[in-house]
Every structure is written in C-alpha cells, then in structure tokens.
Amino acid sequence: MNIFSILGIALVAAVLISLLRQYKPEFALPVEICAAVLIIALLLPTVTEIFDSLRDMIELSGMDIRYFTLLAKAVGITVIVQLTADACRDSGESALAHKVEFAGRAAVIVLALPMLTTVADFAIGLIKG
C-alpha cells in the first residue's frame, strides 16, 4: 500500500467533485464512487495481509476459525455499509443513508446469531450444572 497514492487520489477526487458539484452536479456522485472503489482496490492487498496474519494467530491459539470468519464478514459488511451510506448522504439522501445503516446492523446481527446461540447454550449448560 502506498499511502501517498491513496492521498493523491483522494485529493484529486475531492477537487474534481467540488468542481463538478458547481457545474455538473450529476457527475459528482459517480466520480466519488469511482474514487472510493479505486482507494479500496489499493487497500485490498494490505487488508488481505492483515487478515492472513490474524487468521494465522488464531489458528496457532487453537481457537475455532469460524469466529474469525464471522469477524471478517462483519467488518466487511460494516465497511461496505458505511461507504454506501456516505455516498447516499453526499447525494442528499440522508433518510436512505439511515435505512442502509439499519440494514447493515441487521445483517451483522443475523450473521452473529449462530455465535450468540452457542454462547447461550454454553451459559444454560453452566446454570444447569
């Protein structure tokens, strides 16, 4: 990851979006989305490396890899939801942004339900003795 490339893309996109909002506002959102996708594409190798290192540590610790997979999916959902909600807000659709964020929260909860069930079963087993 070259942080200066990411910063350069962000600054050029910010200036371009600012100009487009004045003269051609309908093109500002697609440029913003393209810049976000490009930045994420530049970050993917670094994020992949981080997740690989975390997975290796979890495997060495003897923990169940399913919990790590669950965490990785939840992080992915939250990042995508945040980017989408920000794009909605930037286009003036704050109500839609709130709906997207609510849907993201619901998706993470649904994703975590099997783990919550396991914890509840464990707790019930401890209470019963």
Side-chain angles (χ1 to χ4, degrees):
M1 173 185 72
N2 187 350
I3 190 68
F4 295 112
S5 298
I6 292 171
L7 296 175
I9 291 168
L11 288 174
V12 168
V15 170
L16 186 59
I17 290 166
S18 224
L19 290 172
L20 285 172
R21 282 205 176 118
Q22 290 177 357
Y23 301 108
K24 293 282 188 182
E26 63 272 10
F27 293 120
L29 185 62
V31 169
E32 180 180 355
I33 291 171
C34 288
V37 167
L38 186 58
I39 289 171
I40 289 172
L42 289 172
L43 284 173
L44 276 178
T46 302
V47 172
T48 302
E49 185 178 326
I50 291 168
F51 277 123
D52 287 343
S53 296
L54 286 173
R55 188 187 68 239
D56 292 343
M57 285 189 271
I58 288 173
E59 286 176 353
L60 287 174
S61 72
M63 285 179 56
D64 191 352
I65 195 69
R66 290 181 296 169
Y67 299 125
F68 173 73
T69 304
L70 178 76
L71 177 65
K73 287 179 183 179
V75 168
I77 289 171
T78 57
V79 168
I80 291 169
V81 164
Q82 188 63 48
L83 288 171
T84 305
D86 288 344
C88 290
R89 275 191 201 87
D90 289 345
S91 66
E93 298 294 331
S94 62
L96 185 59
H98 291 295
K99 306 299 185 288
V100 168
E101 289 172 339
F102 180 74
R105 288 183 192 109
V108 169
I109 290 170
V110 167
L111 187 66
L113 280 177
M115 185 176 68
L116 293 174
T117 303
T118 302
V119 170
D121 289 343
F122 180 73
I124 290 170
L126 286 176
I127 291 171
K128 287 183 179 179

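When all heavy atoms of A85 and V100 are compared, the pair lying nearest together is N-CG1, 4.2 Å. Taking every heavy atom of both residues into account, S91 and L29 meet most closely at CB-CD2, 3.8 Å. Looking at every heavy atom in both residues, F68 comes nearest to F51 through CZ-O, 3.2 Å. When all heavy atoms of P45 and A41 are compared, the closest pair comes out as CD-O, 3.6 Å.
Transitive grouping of hydrophobic side chains (ILVMFWY, heavy atoms separated by less than 4.5 Å) keeps I6 and L11 in distinct clusters. The hydrophobic cluster containing V37 does not contain L16, counting ILVMFWY residues as joined when their side-chain heavy atoms lie under 4.5 angstrom apart, directly or transitively. Residues L111 and V119 fall into different hydrophobic clusters, defined by Ile, Leu, Val, Met, Phe, Trp and Tyr side chains chained together at heavy-atom separations under 4.5 Å. In the hydrophobic clustering of this structure, I80 does not group with V75; members are Ile, Leu, Val, Met, Phe, Trp, Tyr whose side-chain heavy atoms approach within less than 4.5 Å, directly or through other members. L60 and L54 fall into different hydrophobic clusters, where Ile, Leu, Val, Met, Phe, Trp and Tyr residues are linked whenever their side-chain heavy atoms come under 4.5 Å apart, directly or through other members.
Summarising the geometry, atom CZ belonging to F4 is positioned 13.5 Å from atom CD1 belonging to I9; distances are rounded to the nearest 0.5 Å. Interatomic distance, D121 CG to L116 CG, rounded to the nearest 0.5 Å: 11.0 Å. If you take CG on L43 and CG on N2, they are separated by 11.0 Å, rounding to the nearest 0.5 Å.
Partner of V81 under the side-chain contact (heavy atoms from CB on, under 4.5 Å) criterion, chosen from T84, I77, T78: I77. Across I17, L20, L83, a single residue satisfies side-chain contact (heavy atoms from CB on, under 4.5 Å) together with E32, and that is I17.
Here E101 pairs with R89 in a salt bridge; the nearest charged N to carboxylate O distance falls below 4.0 Å.
Taking a 6.0 Å sphere around CZ of R55, one finds it holds more than 12 heavy atoms contributed by other residues, nucleotides or ligands. Enclosure of atom CD in E49 is not indicated, since only 12 or fewer non-hydrogen atoms of other residues, nucleotides or ligands lie within 6.0 angstrom.
Put simply, the side chain of S18 never gets that close to the backbone of V15: no donor and acceptor are under 3.5 Å apart.
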Could you give me the CA-CA distance, side-chain angles and deciding distance for R21 and D90, then say whether side chain to side chain contact (heavy atoms under 4.5 Å, CB included) is met? CA-CA 11 Å; R21 282 205 176 118; D90 289 345; 3.6 Å; yes
Pair E59, D56 - check side chain to side chain contact (heavy atoms under 4.5 Å, CB included), show working. CA-CA 5 Å; E59 286 176 353; D56 292 343; 4.1 Å; yes
